[in-house]
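Down below is the structure, laid out as structure tokens.
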Amino acid sequence: MANTNNYLESAELEDKVLTAYDDIDQVYNFYKSEENIRAGNTLNTKDIETFKQNKLATLGIEEPEDLEFATEQEMLNDTVFWEPYAAEIEAEKKRLINDDLYQYERLKQELEQTQGLSYIIDSKGIKNSQPKEVSQDNLLNRRVTFTYNKGAITSSLPDIDQFEPLNYSVEPDFQVIIGFDDAYIAQREVLYQAERLQFLWLMSIFIVFFILAAIFALFACISAGRKKDAEGVHFLPIDEFWIDAHFLLLLSIETVVIATIVFFYDQNFPRADMLLLFAAGSALGLNFLLSLVRILKGGNFWERLLFLKLIKQLGQFMKGQFKNFSAYYNNIMKGSATVKRFMFWAILLVVLALTVQIPLLGIASFIGILYLLYSGGKKAKKYDEILEGVERIKNGEVDYKLTGFDGALGELADGINAIGAGITMAVAEEVKSQRLKTELLTNVSHDIRTPLTSIITSVDLLKNGKLDPEENQKYLDILENKAHRLKVLTDDLFEAAKASSGNIEVEFQAVDLEMLMTQGLGEMEEELAHSGLEFITHYPEELFVVTADGRLLWRVIENLLFNILKYAQKESRVYIELSKCEEDKTGRVVFKNVSDQPLNISPDELMERFKRGDETRNSEGSGLGLAIAKDLMTIQQGELKLEIDGDLFKAAIILPLA
């Protein structure tokens with residue numbers, strides 16, 4: 001230490017003297033002897049009380065009242081309570097005694113190894129000295145002495161009592177005289193002066209190099225960011241790092257470097273290692289300084305502070321949260337009738353709770369209000385949106401859809417949407433039904449009026465009596481033809497009404513489709529022969545049977561055949577295919593032909609009543625054949641499917657296999 005040029009006034013010597021006195025006081029005045037320690041005389045009652053307090057903590061006992069004691073000291077001193085834990089307390093005492101024995105031996109060894117130390121002690125008339133032959137006069141005549149006599153301190157060292165009050169002696173009549181060998185002190189004075197001069201020399205070198213380093217650092221700062229033949233500030237990758245984060249990282253590294261240097265110094269490591277560490281720490285510091293200078297020259301210092309960026313982001317986050325809260329309040333709390341009703345009753349509950357002096361209930365209610373407002377406010381708003389949607393659907397906006405709902409409200413919204421879709425479908429069906437009714441009346445009127453007009457005209461001419469026999473017969477044939485046409489139309493209407501209402505008895509039985517088709521085509525052989533059409537049939541190799549009413553099924557086939565005879569293109573082929581589908585266990589009869597007239601109509605419309613392939617309605621059909629066939633297939637638990645591809649017409653009868 002360079003605080004003084006005299007070793008006798010140095011803090012090093014004062015510390016050596018006081019350390020020697022402290023060790024002597026501990027060994028001879030406190031511990032006294034090994035027997036005294038083993039007898040437990042050095043045990044500190046506070047250590048035992050601390051052990052007992054820790055034991056109480058492990059037992060879960062926190063207050064004396066838990067054991068019906070008035071004070072904590074009374075609980076700690078109760079022998080009856082601590083009797084079950086006597087073995088543990090005794091083990092703790094032995095541990096503390098062993099610790100004292102270890103300290104006693106360590107301090108004795110430390111006194112023996114202290115170079116140049118001599119002392120004489122007197123404690124209650126018991127004297128001891130080191131070495132044995134040293135005398136009091138010899139010690140007092142030495143250059144470095146220290147005397148403690150019943151609290152009074154004298155020493156050859158100035159102001160030694162400023163470091164320690166020296167009032168910790170156990171025995172008030174404890175006396176000690178300490179002296180250090182003059183030869184040892186002279187040797188230490190020489191070494192001290194040499195170390196002091198070396199230190200001052202090193203400090204001088206350090207100051208010189210520090211000044212040079214400061215100058216070079218200044219020039220480095222001036223040239224930092226400059227590049228030959230380039231304008232502006234040239235930045236390095238390290239400059240992209242945040243300034244404050246870089247500084248904190250540097251501070252952590254420099255702390256480790258300094259601590260390592262101090263450790264190397266204490267352990268007498270080679271100074272080259274310490275210089276390398278110092279150089280590394282200095283380089284890191286210079287690197288930070290130059291980076292800071294380049295950033296300052298570039299004028300973006302404030303932009304490179306992570307702390308400010310975090311503050312800005314925090315401010316933006318808080319601003320966004322405030323906006324969200326405002327929107328939440330305006331859209332949910334303020335705009336929701338349900339939330340308003342809830343707030344009214346919740347606040348009323350809080351007021352009542354506080355009024356009747358139940359603050360706990362009031363606080364709990366307030367917390368509950370905040371939680372419900374946070375978690376249930378949006379759901380309440382959604383509930384109000386559902387109410388609004390129901391009102392709009394009720395007022396006629398059946399196409400309105402509720403979206404953006406989940407959970408139970410989502411199921412409710414889906415149900416309401418389904419109701420709206422059902423209403424839309426019902427309205428569409430009703431519009432379609434009204435259209436069909438209108439078309440039905442129009443078509444029936446047209447189909448009845450046409451033959452009736454011919455009948456009325458023929459009757460008027462026959463009543464006139466001016467016709468010759470040949471003309472008379474002609475009009476009688478017209479009357480017969482039109483009357484037959486009316487009868488057919490009336491029969492078809494009656495059958496269509498019965499089929500659509502299901503008022504037909506159905507006798508299910510096993511029907512061999514191939515046999516039924518062969519028999520039916522045989523009965524219609526004459527009509528088929530005069531039609532000019534070529535019928536081609538394909539039957540499966542294996543026999544298969546369907547469940548149906550044979551009479552009604554033939555009626556369907558007959559209607560499809562008559563439909564083909566009326567509307568198929570002359571001199572064309574008609575294909576009839578029978579097949580079995582194992583996947584859905586059904587049997588099929590498929591009729592395919594080419595239409596004589598363009599089919600500018602959908603299959604669904606074609607199966608409606610009074611619909612014909614020719615919109616001119618000049619054919620002899622009633623327009624009920626396919627509609628009757630469809631209804632007859634329905635009551636037989638089957639299906640009639642139509643397909644139209646250009647002029648190709650395909651009809652399929654589908655029935656379950658028996």
Side-chain angles (χ1 to χ4, degrees), residues 1-5 10-12 191-322:
M1 299 288 291
N3 61 326
T4 177
N5 58 1
S10 67
E12 176 185 339
L191 291 175
Y192 179 81
Q193 290 297 331
E195 291 175 355
R196 181 173 179 273
L197 290 174
Q198 184 181 18
F199 176 78
L200 293 175
W201 179 74
L202 289 175
M203 284 297 298
S204 301
I205 294 176
F206 174 78
I207 292 172
V208 171
F209 275 96
F210 181 81
I211 294 173
L212 291 175
I215 294 172
F216 284 123
L218 178 61
F219 281 109
C221 291
I222 294 174
S223 61
R226 293 182 180 180
K227 193 173 182 181
K228 188 176 181 181
D229 300 330
E231 296 182 358
V233 180
H234 178 69
F235 293 99
L236 298 180
I238 190 66
D239 302 333
E240 298 296 326
F241 198 45
W242 301 104
I243 297 175
D244 40 4
H246 189 178
F247 175 75
L248 292 176
L249 179 62
L250 175 67
L251 185 63
S252 302
I253 295 176
E254 296 291 1
T255 302
V256 174
V257 169
I258 293 173
T260 306
I261 291 175
V262 172
F263 174 77
F264 283 5
Y265 179 80
D266 291 339
Q267 299 298 322
N268 293 322
F269 274 68
R271 292 187 178 178
D273 296 342
M274 291 183 278
L275 287 174
L276 287 176
L277 285 174
F278 181 80
S282 300
L284 291 174
L286 181 62
N287 178 63
F288 171 76
L289 176 63
L290 296 179
S291 175
L292 181 62
V293 170
R294 286 191 294 269
I295 293 173
L296 289 172
K297 288 181 178 180
N300 55 350
F301 175 79
W302 301 109
E303 298 175 3
R304 303 308 307 156
L305 288 177
L306 179 61
F307 178 71
L308 288 181
K309 184 176 180 63
L310 292 177
I311 290 179
K312 290 180 180 179
Q313 290 182 347
L314 179 62
Q316 292 175 355
F317 173 78
M318 296 298 295
K319 185 177 180 180
Q321 293 302 313
F322 179 76

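Count residues from 1 along the sequence. Note that the structure is a prediction, hence the values are computed from the model and not measured.
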Could you label the plane-to-plane angle of the His246 and Phe288 rings as parallel, tilted or perpendicular, counting under 30° as parallel and over 60° as perpendicular?
perpendicular
Can you tell me how far the [atom1] atom of [X] sits from the [atom2] atom of [Y], to the nearest 0.5 Å?
| X | Y | atom1 | atom2 | value |
| --- | --- | --- | --- | --- |
| Leu200 | Ile207 | CG | CD1 | 9.5 Å |
| Leu191 | Glu12 | CG | CD | 9.5 Å |
| Phe247 | Leu292 | CZ | CG | 10.0 Å |
| Glu195 | Leu197 | CD | CG | 10.5 Å |
| Ile243 | Ile295 | CD1 | CD1 | 4.0 Å |
| Leu277 | Glu254 | CG | CD | 10.5 Å |

I want to check something: taking the side chain as every heavy atom from C-beta on, are [X] and [Y] in contact at a cut-off of under 4.5 Å?
| X | Y | value |
| --- | --- | --- |
| Ile215 | Phe219 | yes |
| Leu236 | Ser291 | no |
| Ile253 | Val256 | no |
| Gln313 | Leu310 | yes |
| Asp239 | His234 | no |
| Trp242 | Leu305 | no |

When you measure from the side chain of Asp266 to the backbone N and O of Phe263, does any donor-acceptor pair fall under 3.5 Å?
no
Where the side chain of Lys297 meets the backbone of Ala224, is there a donor-acceptor pair that is under 3.5 Å apart?
yes
From the options Asn287, Thr255, Leu284, select the one residue that forms a side-chain contact (heavy atoms from CB on, under 4.5 Å) with Leu250.
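The option that passes is Leu284.
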Taking all non-hydrogen atoms of both residues into account, name the closest pair between [X] and [Y] and its distance.
| X | Y | result |
| --- | --- | --- |
| Leu306 | Ala245 | CD2-CB, 4.4 Å |
| Phe269 | Met274 | O-CE, 3.8 Å |
| Ser10 | Tyr192 | CB-OH, 3.8 Å |

More than 12 heavy atoms from other groups under 6.0 Å of CZ on Phe301:
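Count over threshold, so yes.
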Does Phe278, at its CZ atom, have more than 12 non-hydrogen atoms belonging to other residues, nucleotides or ligands within less than 6.0 Å?
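At most 12 heavy atoms, drawn from other residues, nucleotides or ligands, come within 6.0 Å of this atom.
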